[in-house]
Amino acid sequence: MPELPEVETYRRFLDDLILHQPITAVEVRDAHVLTTDEDTLRRYLVGRHVTATRRLGKNCFLELDNDTVLALHFGMTGDVGAYRDDPDAPRFTRVALHLADGMRIAFVDPRKFGRIRLAGSVAEYQKLKKIGPDALDITWEQLQAALSKKKTLLKPALLDQRITAGLGNWIVDEVLFQAKINPERLCNTLTQKEFKALHAAIQLVLQTAIQHEATYRHFPASFLIHAREWDDSATPGTDKHRFCPRHPRTEIEKKYVGGRATYYCPKCQPVPATASETPDSSRTSG
DNA sequence: GTCGATGTTAGCAC
DNA sequence: TGTGCTAACATCGA
């Protein structure tokens with residue numbers, strides 16, 4: 001589930017457990033998630049300790065006391081855990097850091113799309129991976145500057161970590177719903193007012209998600225997230241979650257935009273009128 | 001057995 | 001160079 005709010009939650013979890021604890025061992029259960037080879041990792045980590053944790057977009061960093069950082073990317077299914085005894089290691093633990101106080105920090109990732117690597121600094125990693133400004137830090141002017149010259153569909157552009165970092169598939173849908181903008185709008189057709197609404201929606205969605213530690217079912221009823229199939233907050237046996245929070249009789253639609261499953265309200269987020277579109281003025285009369 | 005999945009990146013066609 | 005689409009990664013769970 002790791003988008004920005006989840007990764008921020010992971011970072012806080014790690015911050016509570018790992019700071020200033022000497023690392024006594026690096027346990028690699030599946031080297032597939034390593035981008036830095038196992039021996040190098042051990043050489044730089046064992047005997048060191050973490051001085052600070054940081055986050056940029058969906059990446060989490062552990063800053064070490066030897067001018068290096070351990071960069072964690074959680075892929076689609078990455079998570080963190082803590083345990084003390086081997087049998088208690090979470091299922092799908094791929095790598096574990098053993099700490100001097102006996103705690104073990106697990107990098108958990110069933111699908112193994114996550115990656116762990118060593119870097120010189122957060123800035124170096126950011127440059128290497130071409131990561132843009134964090135979605136919580138970007139200003140509306142920056143957002144407008146980055147998007148207004150692009151001719152692409154809006155949703156894929158917002159998922160592009162080079163434009164702004166941290167937005168993932170469900171968050172973009174939520175942001176566009178809150179901003180009342182159709183995911184298939186072209187970036188260069190947005191008005192200044194819409195860029196401001198987009199920016200405000202990014203702040204709202206991310207702050208709300210972090211506040212609830214990314215637990216979807218606790219999100220406000222005004223959020224689109226409850227329409228996603230994997231949401232289980234709707235009362236069993238009801239179809240409540242299928243409808244728009246603002247239009248109780250309008251069903252949320254699902255389609256693929258840029259190859260990604262996309263949920264939106266056809267009423268709140270109307271498709272922009274274009275020359276090719278069939279004129280239809282009777283729809284609003286109901 | 002089939003299908004889809006929260007992310008990222010390479011490859012290809014235009 | 002910019003854009004869009006698809007597949008691939010590895011695996012789980014519905």
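Per chain, numbering begins at 1; letters A, B, ... match sequence-line order. Values below: every heavy atom of this structure, side chains too, minus hydrogens, waters and symmetry copies. Keep in mind that this is a model prediction, so the values were computed, not measured.
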Pairs counted only when both distances fall under 3.5 Å, Watson-Crick or G-U: show me the 5' to 3' dot-bracket for DNA chain C, [ ] for pseudoknotted crossings and | for other-strand partners. .||||||||.||||

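Partners of A/E141 by side chain to side chain contact (heavy atoms under 4.5 Å, CB included), not counting sequence neighbours, listed by chain and number: A/T139. Judged as a ring-ring contact (aromatic ring centres under 6.0 Å, His included), and not counting sequence neighbours, the contacts of A/H212 are A/F219. Applying the side chain to side chain contact (heavy atoms under 4.5 Å, CB included) rule to A/R260 yields the partners A/K155, A/L159, A/N169; only residues at least two apart in sequence or on another chain are considered. Under the side chain to side chain contact (heavy atoms under 4.5 Å, CB included) criterion, A/F61 pairs with A/R54, A/L56, A/N59, A/V69, A/A71, A/V122, A/Y125, not counting sequence neighbours.
The salt bridge (Lys or Arg N to Asp or Glu O under 4.0 Å) analysis of residues 65-79 of chain A, with sequence neighbours excluded, yields the pairs A/R48-A/D65. Residue pairs meeting the ring pair (Phe, Tyr, Trp, His ring centres under 6.0 Å) criterion with at least one partner in residues 65-92 of chain A, sequence neighbours excluded, are A/Y10-A/F74, A/F74-A/F107. Residues in residues 194-212 of chain A take part in these salt bridge (Lys or Arg N to Asp or Glu O under 4.0 Å) pairs, two or more places apart or across chains: A/R185-A/E194. The list of salt bridge (Lys or Arg N to Asp or Glu O under 4.0 Å) pairs with a residue in residues 101-120 of chain A, not counting sequence neighbours, reads A/D30-A/K112, A/D86-A/R104.
In this structure, of C/dG4, B/dT8, B/dT6, it is B/dT8 that holds the atom nearest to the side chain of A/K58.
Note: NZ (A/K130) to C1' (C/dG2) measures 15 Å, nearest angstrom. Atom pair A/W170:CH2 and B/dG7:C1' shows a separation of 15 Å (rounding to whole Å applied). What separates CG of A/L159 from C1' of B/dT6 is a distance of 11 Å, to the nearest Å. For the pair A/K255 NZ and B/dG4 P, the interatomic distance rounds to 17 Å; values are reported in whole Å. Following rounding to the nearest Å, A/L4 (CG) and B/dT8 (P) show an atom-to-atom distance of 11 Å. In this structure, A/I131 atom CD1 and B/dG7 atom P are separated by 14 Å, rounded to whole Å.
Straight-line distance between the C1' atoms of B/dT6 and C/dG4: roughly 22 Å, to the nearest whole Å. Comparing the same atom, C1', in C/dC12 and in B/dT9 gives a spacing of 22 Å after rounding to whole Å. Nucleotides B/dT8 and C/dG13 place their P atoms 22 Å apart, quoted to the nearest Å.
Side-chain contact check for A/L176 versus A/L198: some heavy-atom pair is nearer than 4.5 Å. With a 4.5 Å cut-off on side-chain heavy atoms, A/C265 and A/H247 count as touching.
If you check every strand for non-hydrogen atoms under 4.0 Å, A/G168 touches sugar and phosphate atoms only. Among the atoms of the strands shown, base atoms are found under 4.0 Å from some heavy atom of A/R260.
The pair A/K127-A/E124 does not count as a salt bridge, with every side-chain nitrogen at least 4.0 angstrom from each carboxylate oxygen.
A/R29 and A/T93 share no donor-acceptor pair across their side chains, judged by distance under 3.5 Å alone. For A/E174 and A/Q178, the side-chain atoms include at least one donor-acceptor pair closer than 3.5 Å.
For the pair A/Q161 and B/dT8, the criterion of a side-chain N or O lying under 4.0 Å from OP1 or OP2 is met. Regarding contacts with the backbone of C/dG2, every side-chain N or O of A/K151 stays at 4.0 angstrom or more from both OP1 and OP2. For the OP1/OP2 pair of B/dG7 and a distance below 4.0 Å, the side-chain nitrogens and oxygens of A/R115 include no atom meeting the criterion.
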Close N or O pairs between protein and nucleotides 9-14 of chain B (under 3.5 Å):
unit_1 : atom_1 : unit_2 : atom_2 : d
B/dT9  : OP1    : A/K129 : NZ     : 2.9

Tabulated below should be each protein N or O lying under 3.5 Å from an N or O of nucleotides 10-14 of chain C; please produce it.
unit_1 : atom_1 : unit_2 : atom_2 : d
C/dA10 : OP1    : A/H32  : NE2    : 2.7
C/dA10 : O4'    : A/R111 : O      : 3.2
C/dA10 : N1     : A/R111 : NE     : 3.0
C/dA10 : N1     : A/R111 : NH2    : 2.8
C/dA10 : N3     : A/R111 : NE     : 3.4
C/dT11 : OP1    : A/K112 : NZ     : 2.3

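Smallest separation of non-hydrogen atoms from A/G78 and A/P2: O-CG, 3.3 Å.
Taking the nucleotide of DNA chain B with the nearest heavy atom to each of A/Y256 and A/H73, the more 5' of the two is matched to A/Y256.
The one candidate from A/I171, A/D173, A/I210 that meets the side chain to side chain contact (heavy atoms under 4.5 Å, CB included) condition with A/V205 is A/I171.
Within residues 142-150 of chain A, the residues that have a heavy atom under 4.0 Å from DNA chain C are, in order of number, A/K150.
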